[in-house]
Chemist: 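Input: one structure, supplied below.
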Amino acid sequence: MDHVCTQHRFYGESMPFGNDSYKSADTLGYLTSTQALADFAILITSLKQNLSVPDAPVVVFGGSYGGMLASWFRLKYPHVAMGAVASSAPILQFDDITPWSSFYDAVSQDFKSESLNCFNVIKSVWDVMNARGSNATGLLELSKTFRACKTVQYVASLSDWMWTAFTYTAMTDYPTPADFLENLPAYPVKEMCKIIDAFPAGADVVDKAFAAASLYYNYSGDQKCFKVEGGDDPHGLNGWGWQACTEMIMPMNVSSESMFPPSGFSYEERSEGCFDSYGVRPRDHWITTEYGGTKIYQVLKRFGSNIIFSNGMRDPWSRGGVLRNISLSIVALVTEEGAHHLDFRAATKEDPDWVVEQRRQEVEIIKGWIDQYNQDIAERSP
Ligand SMILES: *[C@@H]1O[C@H](CO)[C@@H](O)[C@H](O)[C@H]1NC(C)=O
Ligand SMILES: *[C@@H]1O[C@H](CO)[C@@H](O)[C@H](O)[C@H]1NC(C)=O
Ligand SMILES: *[C@@H]1O[C@H](CO)[C@@H](O)[C@H](O)[C@H]1NC(C)=O
Ligand SMILES: *[C@@H]1O[C@H](CO)[C@@H](O)[C@H](O)[C@H]1NC(C)=O
Ligand SMILES: *[C@@H]1O[C@H](CO)[C@@H](O)[C@H](O)[C@H]1NC(C)=O
Ligand SMILES: *[C@@H]1O[C@H](CO)[C@@H](O)[C@H](O)[C@H]1NC(C)=O
């Protein structure tokens with residue numbers, strides 16, 4: 001056996017109840033982070049046994065939600081994994097630990113840092129769209145402007161489509177061309193802003209913002225029209241809807257300083273929405289009860305070891321991450337640039353020095369853990 005691939009339960013092909021897995025809360029109830037961590041613990045233990053390597057050092061890696069799982073795994077199962085690398089893991093995006101507006105403030109900052117005009121155009125587009133889409137004639141016109149495959153029914157769908165483009169582009173503002181969520185050029189936020197800035201000043205803001213958003217959906221140039229409404233689930237995020245309605249309650253709101261229309265977050269609204277969709281209500285504070293997060297710098301200062309939290313500050317998720325060193329062996333590696341788990345992407349010749357250095361540091365730290373671990377194992381009394 002030279003390759004083992006694990007999959008989180010209820011994602012991809014790992015459906016515990018086959019086609020019925022998503023049928024009801026009775027089956028979906030088994031989709032929890034705690035159960036997923038237990039799956040990994042059983043898998044790793046079984047693998048070590050089958051390979052006859054009971055003392056082999058195991059380091060767990062994960063990015064994004066997977067990064068949260070990696071860090072939590074190290075804290076819950078120290079006897080199974082001796083280290084964890086958690087890339088872009090927003091484990092502090094719960095309760096009131098991180099200001100609720102920081103995510104969209106960070107997205108906005110990415111655009112503002114490229115050009116103030118770009119930020120202002122995007123900031124102004126939402127009201128213009130809402131006004132135009134307030135009647136059927138206006139919606140028809142807007143649908144044409146957006147090259148929608150079908151005339152949209154709600155102006156909110158157009159706003160969501162645009163919102164997704166700007167937010168996901170900020171998340172994936174990689175320094176090299178990449179095809180993570182969508183195929184994009186290097187530094188796609190800069191490219192979007194170039195598109196906006198190239199319009200004559202008096203041009204229509206909707207045209208400008210649409211052209212920028214198109215980069216996200218159509219950089220490959222292969223889209224004949226855009227599925228603005230009733231799109232499918234291109235990234236297999238179906239299970240996340242359930243998780244966001246049970247334990248993954250990451251409160252986010254939108255401040256008036258951002259480039260998005262201001263809005264609040266309400267636990268009650270989330271609860272109602274979840275009840276309507278799944279017949280369940282969230283456990284609002286379960287994650288911090290189960291895994292911690294509150295006052296993490298104090299709590300983990302003298303508990304736990306061997307975790308790397310890596311982040312790139314262009315990624316809006318970085319704001320809910322661990323950005324300062326907690327102890328000698330629970331460390332934060334932060335780059336000023338860098339987007340969502342950039343360090344875990346395959347190395348390319350064009351990679352800038354700072355990401356090469358981040359990866360080098362990670363390897364060096366992991367080697368140190370393994371040396372220490374092997375020493376400890378060798379020294380241990382029977
Ligand atoms: C599950 O659904 C897939 C796709 O619709 C289908 O091909 C398959 O036969 C189904 N499996 C069972 C056990 O019903
Ligand atoms: C270990 O071996 C047992 C018995 O062959 C098998 O059932 C199990 O799936 C194996 N575990 C892994 C992780 O491959
Ligand atoms: C639709 O809204 C636009 C913009 O607000 C307005 O100019 C137009 O007269 C409205 N058309 C109808 C049929 O109400
Ligand atoms: C996508 O890009 C191609 C190439 O630039 C263009 O011909 C096409 O019209 C675009 N699709 C949409 C829906 O805008
Ligand atoms: C967003 O949340 C913060 C708490 O983090 C709160 O102080 C602020 O008033 C909220 N803003 C909006 C627009 O709801
Ligand atoms: C954390 O400590 C490491 C050295 O172990 C250092 O390279 C890194 O810059 C520190 N991180 C922060 C965010 O200060």
Side-chain angles (χ1 to χ4, degrees), residues 83 85-88 92-106 108 142-150 152 158 161-162 165 182-185 191 195 206-229 231 249-270 284 294 296-297 300-301 305-313 318-336 338 343 354-355 357-369 372:
V85 185
S87 180
S88 301
L92 308 181
Q93 193 70 55
F94 296 92
D95 297 2
D96 290 324
I97 305 172
T98 299
W100 292 359
S101 60
S102 56
F103 181 92
Y104 288 107
D105 284 347
S108 306
L142 274 178
S143 300
K144 282 185 195 151
T145 306
F146 277 72
R147 302 196 187 142
C149 299
K150 280 196 268 180
V152 297
L158 295 166
W161 184 87
M162 202 119 101
E182 297 285 348
N183 191 9
L184 286 171
E191 294 306 318
I195 291 172
V206 178
D207 288 342
K208 292 182 194 176
F210 166 77
S214 291
L215 180 86
Y216 176 74
Y217 296 104
N218 190 27
Y219 179 57
S220 319
D222 55 2
Q223 298 297 303
K224 293 209 162 54
C225 59
F226 294 121
K227 281 200 193 97
V228 174
E229 264 169 358
I249 312 304
M250 305 168 98
M252 281 185 191
N253 66 19
V254 187
S255 76
S256 51
E257 277 82 63
S258 89
M259 64 181 199
F260 299 101
S263 71
F265 172 86
S266 135
Y267 283 106
E268 291 71 29
E269 270 172 38
R270 171 70 70 96
D284 293 333
T294 312
I296 198 171
Y297 294 94
L300 293 188
K301 194 174 170 183
S305 64
N306 296 1
I307 305 176
I308 297 172
F309 289 101
S310 60
N311 275 289
M313 295 306 283
S318 64
R319 303 306 193 274
V322 173
L323 298 174
R324 286 184 285 129
N325 285 338
I326 293 178
S327 66
L328 278 177
S329 73
I330 303 185
V331 298
L333 299 182
V334 181
T335 55
E336 196 184 317
D343 49 344
W354 48 263
V355 62
E357 170 58 16
Q358 190 181 32
R359 291 188 186 123
R360 189 202 60 76
Q361 237 180 320
E362 287 170 9
V363 171
E364 185 183 286
I365 292 170
I366 296 167
K367 277 188 179 155
W369 296 343
Q372 183 71 65

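For ligands, and for the atoms within them, numbers begin at 1 and follow the listed sequence. Count residues from 1 along the sequence.
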Chemist: Could you tell me the residue and atom name of the protein heavy atom closest to atom 11 (N) of ligand 4, and the distance to it rounded to 0.1 Å?
Modeler: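 Ranked first by proximity to atom 11 (N) of ligand 4 is Q223 O, 2.6 Å.
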Chemist: Measure the shortest side-chain to side-chain distance between I365 and L333 over non-hydrogen atoms and say whether it is less than 4.5 angstrom.
Modeler: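 Side-chain contact under 4.5 Å: yes.
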Chemist: Give the numbers and elements of all ligand 4 atoms closer than 4.0 Å to a heavy atom of F226.
Modeler: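 It comes down to these atoms of ligand 4: 12 (C), 13 (C), 14 (O).
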Chemist: List ligand 5 atoms under 4.0 Å from V254, heavy atoms only on the residue side.
Modeler: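 Contacts of ligand 5 toward V254, numbered from 1: 13 (C).
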Chemist: Heavy-atom pairs closer than 4.0 Å: do any link ligand 4 to the side chain of S214, the backbone, both, or neither?
Modeler: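 No part of S214 comes within reach of ligand 4.
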Chemist: List the closest protein heavy-atom neighbour of atom 5 (O) of ligand 4: residue, atom name, distance to the nearest 0.1 Å.
Modeler: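 Going by distance alone, atom 5 (O) of ligand 4 is nearest to G221 CA, 4.7 Å.
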Chemist: Considering only non-hydrogen protein atoms, determine which one is nearest to atom 7 (O) of ligand 6 and report residue, atom name and distance to 0.1 Å.
Modeler: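 Protein heavy atom at minimum distance: Q361 NE2, 2.7 Å.
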Chemist: Among all protein non-hydrogen atoms, which one is nearest to atom 9 (O) of ligand 4, and what is the separation to 0.1 Å?
Modeler: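 Ranking protein heavy atoms by distance from atom 9 (O) of ligand 4, first comes R147 NH1, 3.9 Å.
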Chemist: Could you tell me which atoms of ligand 4, counted from 1 in the order shown, lie closer than 4.0 angstrom to a heavy atom of K224?
Modeler: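 Ligand 4 atoms under the 4.0 Å threshold to K224: 13 (C).
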Chemist: Hey, does F94 have a side-chain heavy atom less than 4.5 Å from the side chain of T294?
Modeler: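 Answer no - side chains too far apart.
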Chemist: When you look for heavy atoms under 4.0 Å from ligand 5, do you find them on the side chain of S255, its backbone, both, or neither?
Modeler: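 The answer is neither; S255 stays 4.0 Å or more away.
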Chemist: Let me have the donor-acceptor pairs involving side chains of residues 257-266, under 3.5 Å, with sequence neighbours excluded, atom names and distances please.
Modeler:
unit_1 : atom_1 : unit_2 : atom_2 : d
S258   : OG     : S255   : O      : 3.2
S258   : OG     : F260   : N      : 3.0
S258   : OG     : F260   : O      : 3.2
S266   : OG     : E268   : N      : 3.2
S266   : OG     : E268   : OE1    : 3.4
S266   : OG     : E269   : N      : 2.9

Chemist: Any protein heavy-atom neighbour for atom 2 (O) of ligand 4 (distance below 4.0 angstrom)?
Modeler: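 Flag for atom 2 (O) of ligand 4 set to true, protein heavy atom closer than 4.0 Å.
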Chemist: Taking W100 for its side chain and D95 for its backbone only, find out whether a donor-acceptor pair lies under 3.5 Å.
Modeler: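 Confirmed, W100 side chain pairs with D95 backbone.
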Chemist: So, do S214 and F226 sit near enough that their side-chain heavy atoms are less than 4.5 Å apart?
Modeler: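 Result yes, sub-4.5 Å side-chain heavy-atom pair found.
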Chemist: Does P251 come within less than 4.0 Å of ligand 5, judged by its heavy atoms?
Modeler: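 In this structure, P251 fails to qualify as a contact of ligand 5 - no heavy atom is under 4.0 Å.
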Chemist: Tell me: protein heavy atom nearest atom 6 (C) of ligand 4, and distance?
Modeler: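 Closest protein heavy atom to atom 6 (C) of ligand 4: N218 ND2, 4.3 Å.
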Chemist: Quick one: does any side-chain atom of Y217 pair with a main-chain N or O of W161 as donor and acceptor, under 3.5 Å?
Modeler: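 Yes, Y217 side chain to W161 backbone: donor-acceptor pair under 3.5 Å.
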Chemist: Suppose we measure from atom 8 (C) of ligand 5 to each protein heavy atom; which comes out shortest, and what is that distance?
Modeler: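 So the nearest neighbour among protein heavy atoms is N253 ND2, 3.8 Å.
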Chemist: Out of all atoms in ligand 5, which are within 4.0 Å of some heavy atom of G264? Include the element for each.
Modeler: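 Matching atoms, with element in brackets: 14 (O).
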Chemist: Are the side chains of Y104 and M252 in touch, meaning some heavy atoms are under 4.5 Å apart?
Modeler: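 Yes. Closest side-chain heavy atoms under 4.5 Å.
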Chemist: Can you tell whether the side chains of E357 and R360 come within less than 4.0 Å, N to carboxylate O?
Modeler: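 Salt bridge between E357 and R360, a charged N being under 4.0 Å from a carboxylate O: yes.
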Chemist: Is there side-chain contact between Y216 and L184, with at least one heavy-atom pair below 4.5 Å?
Modeler: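 A side-chain contact exists here, since the closest heavy-atom pair is under 4.5 Å.
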Chemist: For L323, is the nearest heavy atom under 4.0 Å from an atom of ligand 6?
Modeler: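 Heavy atoms of L323 do come under 4.0 Å of ligand 6.
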Chemist: Please check this pair: side chain of D343 against backbone of R359, looking for a donor-acceptor N/O pair closer than 3.5 Å.
Modeler: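 No, the answer is negative, given that no donor and acceptor are paired below the 3.5 Å cut-off.
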Chemist: Ignoring hydrogens, just give me the one of S310, S327, A332 whose non-hydrogen atom is nearest atom 12 (C) of ligand 6.
Modeler: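 Going through S310, S327, A332 one by one, A332 has the nearest heavy atom to atom 12 (C) of ligand 6.
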Chemist: Do E336 and W354 come within less than 4.5 Å of each other through their side chains, counting heavy atoms only?
Modeler: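 No, their side chains stay 4.5 Å or more apart.
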Chemist: How far is atom 14 (O) of ligand 6 from its nearest protein heavy atom, and which residue and atom is that?
Modeler: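 In this structure, atom 14 (O) of ligand 6 has N325 ND2, 3.9 Å as its nearest protein heavy atom.
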Chemist: Looking only at distance, does R324 have an N or O less than 3.5 Å from an N or O of ligand 6?
Modeler: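 In fact, backbone or side chain, R324 has no N or O that close.
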Chemist: Under 3.5 Å between any N/O of S101 and any N/O of ligand 5: does that happen in this structure?
Modeler: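 Such a contact does not occur with ligand 5.
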Chemist: May I ask you to decide if L92's main-chain N or O and T98's side chain share a donor-acceptor pair within less than 3.5 Å?
Modeler: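 Here the side-chain-to-backbone pair exists.
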Chemist: Out of all atoms in ligand 4, which are within 4.0 Å of some heavy atom of C225? Include the element for each.
Modeler: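 So the answer, numbered in order with elements, is 13 (C).
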Chemist: Residues in side chain to side chain donor-acceptor pair (under 3.5 Å) with S256, at least two apart?
Modeler: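 In terms of side chain to side chain donor-acceptor pair (under 3.5 Å), with neighbours along the sequence ignored, S256 is linked to no residue.
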Chemist: Provide the number and element of each atom of ligand 5 under 4.0 Å from a heavy atom of P99.
Modeler: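 Counting from 1, the qualifying ligand atoms are 5 (O).
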